[in-house]
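To start, the structure itself, in structure tokens.
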Amino acid sequence: MIIIEVGRTMRYVVFIAGALILISLAIPVTLTAQSKVDSTAPSFSLLDLQGNRFDLEQHLGSKLTIILFWATWGHDSIEMLDDIERLYLKYQNRGLEAVGVCVEQQSIVDSVKQRITDTVQHKKISFPVLLDDQLQTFRRYGVIAVPTSVVIDANRKILYHLSGYPIVGREELFGFIQERFEGKRKINNHKKFERDPDKKALRLYNMAEMKYAKGQLDTAKKYASEAAARDSGFIQPLLLLTEAAIEERDLKNAAIHAARALQLEPKSIPALSLSGLIAAKNGETEKAIKILESVIMQNDTFAIAHCYLGYALGLTGDGKRSDEEFSRAEDLSPAEYRIPISRSEIYERSGKQKEAMSEKIKAKRLRREK
Amino acid sequence: MKKDIISRTILVSLFIAGLNYGSQSQEKEKPSCISSKCHMSFGKAKFVHGPVAVGECVTCHQLLPKENHKFQPVKNVEEQCNKCHDPMTKKAVVHSPVAKGECTGCHDPHQSDQQYQLKKSSLSELCFSCHKRELITKKFTHGPAAEGECNSCHTPHSSDKPKLVTKAINELCFQCHSDMQESFAAAKNIHKPALESCVNCHNPHSNDANYMLAKNVPDQCYTCHANIQESASKSLVKHAALDNERKCLACHSPHEAQHIKQLKDEPMTICLNCHNNTLKQNGSKLTDMKELFEKNLDWHGPIRERDCSGCHKTHGSDNFRFLAKPYPPEFYTSFSQEKYDLCFNCHQPSIVQEERTTTLTGFRDGDRNLHYLHINKKVKGRTCRACHETHASNHPRHIRDAVPFGQWMLPVKFEKELTGGKCSPGCHAPKEYKNKITETMIKKP
């Protein structure tokens with residue numbers, strides 16, 4: 001074939017070539033048409049290392065087939081051989097097939113074949129390995145870099161194509177295959193608080209919570225105050241300060257902290273419940289019952305609200321309803337120590353010392369276990 | 001449990017009985033050990049032991065028979081305390097004074113101004129009467145330790161966990177560091193030592209390294225990643241990024257990450273955080289890669305996969321531009337496969353070794369391999385960079401617009417055609433090639 005010199009003018013050829021160049025520039029070059037995702041993978045029939053013929057059509061996996069183009073001269077190829085072998089062993093019985101197409105070089109002589117065989121044996125590869133003598137399959141699949149992994153379904157539709165052994169890409173390939181067999185990985189996005197507080201404030205608050213649960217009120221208050229000072233939008237420390245003040249029978253300060261909490265979040269269920277409790281302890285039982293009933297209307301499953309309503313009703317002498325509310329609270333949150341604390345106070349007021357003592361002991365135990 | 005209720009009931013009953021005795025003035029006053037004349041300081045502190053509070057000193061101090069004001073010495077403190085209190089030695093790891101039955105080593109049996117009747121002015125003072133204070137006197141101290149809150153993490157009597165901690169290490173840390181727990185739960189990748197135990201890297205009391213690490217970064221990291229230390233320190237070509245203030249933490253998250261290798265972001269995104277302008281290094285200029293990728297849309301494979309480490313050894317190497325393997329920086333060189341190790345890690349070496357081919361490459365005139373023609377020479381073989389832009393270009397197969405040749409930008413002027421292409425480079429007269437396959441070219445296997 002004689003190389004044609006450009007001196008010979010062929011205007012229409014130049015025009016078409018120029019147009020095609022412009023079109024190709026507009027389309028990012030990613031994959032050749034032969035191995036694009038969603039297209040059909042070319043079928044092939046090659047010899048394996050033992051000289052047996054292998055037809056792709058006869059060996060498709062019921063779910064997926066991985067075709068790995070690899071060569072012994074590529075370190076990344078060897079790594080990918082190991083990775084595919086791992087996947088093959090894991091999902092072989094669930095519909096995964098794998099086949100390695102060795103694209104070692106254009107002509108495979110005996111010494112080259114031996115090198116390939118030695119590699120396969122050394123790596124203990126259990127899936128079929130074929131020899132792409134003359135690199136016809138290499139060309140038909142448009143392979144540029146080795147390894148190249150092509151994942152197809154039972155109808156030879158290309159589902160995934162990975163050129164090379166990139167650190168992110170290969171994890172995504174493995175993830176893709178894993179997902180096909182095991183479903184999507186569930187990520188736990190649960191958060192303790194809706195709003196992300198300042199990190200130091202969060203740690204101070206968590207310490208305060210721990211100390212409060214141990215009954216170390218002074219230390220708990222100290223850390224809660226620091227947390228509130230560090231993050232003025234963080235409501236939890238204010239709630240803890242409210243509770244601590246109530247426990248110390250300092251209703252004045254309790255009301256101040258509760259008011260600050262409600263200023264931050266006017267609809268806060270815990271803050272409203274605490275303000276109901278404060279009202280009850282101040283003798284404003286009607287107001288307390290009203291607040292707590294409205295809280296329960298918004299959220300019937302908030303145990304503390306039922307507990308404090310039981311307390312307020314107990315103060316009015318409505319023992320039956322009070323018991324019902326305490327029981328409901330206990331059903332919702334059996335490990336909540338505030339319930340027996342409130343209940344014991346109502347028992348004491350009605351002269352039931354034995355029951356009051358029993359509730360106090362229970363409260364102490366639950367608090368210690370928290 | 002049952003003994004706990006009984007002992008508490010006894011204590012409360014004693015208390016109530018004490019109150020009753022006080023309130024009934026008609027009854028004869030029971031003699032008390034505590035009076036204005038004797039043991040007058042007892043019962044005055046903030047926290048008073050139950051029996052002392054109700055004046056029942058004989059609960060612990062047994063009066064000797066036939067003796068007046070002489071008492072049996074308390075020989076076995078632990079046995080005495082266990083008469084009311086649950087034994088504290090139930091779990092696998094027991095605090096030494098507890099194992100020895102030395103309850104009064106820490107607790108005043110009568111009274112104290114500290115909760116639990118502790119003997120010293122604070123909990124930490126008590127702990128440091130045996131434990132070395134140096135535990136918390138280093139440059140950076142863990143919050144609870146600095147506050148003397150030893151019992152935030154440790155239980156003073158016995159535990160199922162080593163070092164008397166109250167919970168398994170990470171579970172313990174997450175009590176305060178709940179944000180970390182949430183991050184771990186949502187993470188794709190968690191650094192193995194962090195997953196196992198926070199104290200693999202952090203000293204929970206105090207240390208001179210930042211964040212109370214055992215050592216400063218990168219020395220801390222090199223404890224496990226010795227191979228990276230070797231790359232970073234012994235490489236001939238070093239990556240300036242490793243000298244930044246944050247060291248390893250500039251790119252890697254030490255705890256959890258959504259990206260592989262604990263990277264804070266996609267590999268290429270991290271690289272472009274610095275390579276987003278022209279950089280000067282050792283007298284040469286490094287291209288603004290971000291601009292290059294924005295202006296050139298045909299990206300080399302590893303770039304398409306957003307993985308700069310496909311070619312560059314990020315922590316340093318012995319090759320030009322810390323490439324992972326050799327790649328000739330010159331325009332001309334005699335051919336040997338080893339010089340092109342970088343390229344032949346992915347690309348067929350036979351692309352430049354086979355004089356005739358119809359499958360290896362489209363850059364052929366019939367079956368005459370033009371890669372072989374250009375590159376495979378003993379003298380003045382063209383290197384890959386003569387025609388190909390390693391990162392990105394606006395031509396198929398990343399063909400360059402021009403290549404630096406001394407002071408001159410040698411134009412390449414490649415044009416792709418339907419059945420081949422043509423070049424009008426500065427190297428030779430314009431030439432065209434056709435790569436249509438004919439019957440005579442196809443070799444039957």
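As a basis for the values below, the full set of heavy atoms in this structure was taken, side chains included, without hydrogen atoms, waters or symmetry mates. So that the names make sense, note that chain A is the first sequence line, chain B the second, and so on, each numbered from 1.
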Is there a side-chain contact between [X] and [Y], using heavy atoms and a 4.5 Å cut-off?
{"X": "B:Cys176", "Y": "A:Met210", "value": "yes"}
{"X": "B:Arg397", "Y": "A:Ile144", "value": "yes"}
{"X": "A:Ile167", "Y": "B:Lys261", "value": "yes"}
{"X": "A:Met207", "Y": "B:Glu147", "value": "no"}

Is it the backbone or the side chain of [X] that comes under 4.5 Å from a heavy atom of chain A, or both, or neither?
{"X": "B:Asp341", "value": "neither"}
{"X": "B:Lys188", "value": "both"}
{"X": "B:Gln115", "value": "side chain"}
{"X": "B:Ile260", "value": "side chain"}
{"X": "B:Ser152", "value": "both"}
{"X": "B:Phe344", "value": "backbone"}
{"X": "B:Ala187", "value": "backbone"}

Quick one: pull up CG in A:Leu202 and OG in B:Ser178 and give me the separation to the nearest 0.5 Å.
3.5 Å
Can you tell me how far apart CD (A:Gln216) and CG (B:Asn151) are? Round to the nearest 0.5 Å.
5.0 Å
Take atom CG in A:Asp110; do more than 12 heavy atoms of anything else shown fall under 6.0 Å from it?
no
Count the heavy atoms belonging to other residues, nucleotides or ligands that lie under 6.0 Å from NZ of B:Lys264, then report whether that count exceeds 12.
yes
Take A:Val168 and B:Met268, measure what side-chain contact (heavy atoms from CB on, under 4.5 Å) needs, and give me the verdict at the end.
CA-CA 10 Å; A:Val168 174; B:Met268 193 161 134; over 6 Å; no
Using a cut-off of under 4.5 Å for heavy-atom pairs, which of B:Glu305, B:His347, B:Gln348 has the most such pairs with chain A?
B:Gln348
Donor-acceptor contact below 3.5 Å, side chain A:Gln105 vs main chain B:Glu354:
no
Ignoring hydrogens and geometry, is there a side-chain-to-backbone donor-acceptor pair from B:Thr359 to A:Gln134 under 3.5 Å?
yes
Do A:Gln106 and B:Ser350 pair up side chain to side chain, a donor and an acceptor below 3.5 Å, judged on atom types alone?
no
Using a 4.5 angstrom heavy-atom cutoff, name the option from A:Pro197, A:Ala71, A:Ala145, A:Ser77 with the most pairs to chain B.
A:Ala145
Residue among A:Lys192, A:Lys200, A:Arg203 satisfying salt bridge (charged side-chain N to carboxylate O under 4.0 Å, His left out) with B:Asp179:
A:Arg203
